[in-house]
Amino acid sequence: DVETAIKVVVVGNGAVGKSSMIQRYCKGIFTKDYKKTIGVDFLERQIEVNNEDIRLMLWDTAGQEEFDAITKAYYRGAQACVLVFSTTDRQSFEAIESWKGKVEDECGDIPTVLVQNKIDLVEDAKVETEEADTLAKKLKLRFYRTSVKDNLNVEDVFRYLADKYLER
Ligand code: GDP
Ligand code: MG
């Protein structure tokens, strides 16, 4: 019985909470200033889906996304994708379609989910609930609102991707 391993890429503009989400999901921690450990490409977590052990490998970037400099090696062999924007960053929302295009160019049509992070900062929202819903519909993506800080809905994101991957 060979264990299934899934490479998941987490993409979106800088500072939306990608590294924090990976840390939260794989290590159960949240820190205010998470800096990627040099030399570590991904963190992993094992979950069980339909009595099957699934190993999720969540690939992080070292901040190259801010310079539009993510290399092909990052995307290579990716089997699922999380597209993240932040509640408080309008630009990160407007960049989602472009990120989706990049992932499709490199990986084709893989299970993908749209995530609006930092919903704990809703008072300072720069994106309307309705426009986020509309984008999700337009892109035909499952949509989750998360707070990595408050540990809200983070598990659901990755469980959905694992389910979707196994459905193929
Ligand atoms: P990345 O550049 O996308 O990897 O973003 P980081 O994970 O480095 O996070 C950027 C900043 O946002 C950090 O100060 C995090 O602590 C903070 N952050 C991440 N997720 C949340 C969240 O859900 N709520 C709040 N309030 N802050 C968050
Ligand atoms: Mg990061």
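Side chains are part of it too, since the values below use all heavy atoms of this structure and drop only hydrogens, waters and symmetry mates. One-based numbering, in listed order, for ligands and for the atoms of each.
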Residue among Val148, Asp60, Val10 satisfying side-chain contact (heavy atoms from CB on, under 4.5 Å) with Ser19 |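 Output: one option passes, namely Asp60.
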Heavy-atom contact under 4.0 Å between Met21 and ligand 1?
->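 False for this residue.
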Using a 4.0 Å heavy-atom cut-off, say whether [X] meets ligand 1 through its side chain, its backbone, both or neither.
| X | answer |
| --- | --- |
| Asp120 | side chain |
| Thr146 | neither |
| Thr31 | backbone |
| Gln23 | neither |

Given Val122 and Asp120, is the side chain to side chain contact (heavy atoms under 4.5 Å, CB included) satisfied, shown in steps?
-> CA-CA 6 Å; Val122 68; Asp120 56 290; over 6 Å; no
Proximity winner for atom 2 (O) of ligand 1, if only heavy atoms of Ser147, Ala15, Ser19 are counted |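 Looking at heavy atoms only, the winner is Ala15.
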Option nearest atom 11 (C) of ligand 1 (shortest heavy-atom distance, choices Arg24, Gln116, Lys118, Glu66) |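 Nearest heavy atom to atom 11 (C) of ligand 1 lies in Lys118.
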Is the number of heavy atoms from other residues, nucleotides or ligands under 6.0 Å of [X] [atom1] greater than 12?
| X | atom1 | value |
| --- | --- | --- |
| Glu130 | CD | no |
| Asp109 | CG | no |
| Gln46 | CD | yes |
| Glu131 | CD | yes |

On the 0 to 90° scale, with breaks at 30° and 60°, tag the Phe42-Trp59 ring pair as parallel, tilted or perpendicular.
->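 Rings of Phe42 and Trp59: parallel, under 30°.
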N, O or S atom of Thr61 closer to the Mg ion (ligand 2) than 2.8 Å |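 No, outside the cut-off.
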Counting each atom of ligand 1 from 1 as listed, which ones have a heavy atom of [X] under 4.0 Å away?
| X | value |
| --- | --- |
| Ser20 | 6 (P), 7 (O), 9 (O), 15 (C), 19 (C) |
| Phe30 | 16 (O), 18 (N), 19 (C), 20 (N), 21 (C), 28 (C) |
| Leu121 | 26 (N) |
| Glu65 | 2 (O) |

Geometric cation-pi criterion Arg45 and Tyr25, 6.0 Å radius, 45° cone =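 Arg45 over Tyr25 ring: yes.
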Sub-3.5 Å N/O-N/O distance, Gly14 and ligand 1 =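 No, there is no polar N/O contact under 3.5 Å.
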Does any N or O atom in Val148 lie less than 3.5 angstrom from one in ligand 1, N or O only?
->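 It does: an N or O of Val148 is found under 3.5 Å from an N or O of ligand 1.
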Consider only side-chain N and O atoms of Gln116 and Thr146, and report whether a donor and an acceptor are under 3.5 Å apart.
->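 Note: Gln116 and Thr146 side chains miss the donor-acceptor criterion.
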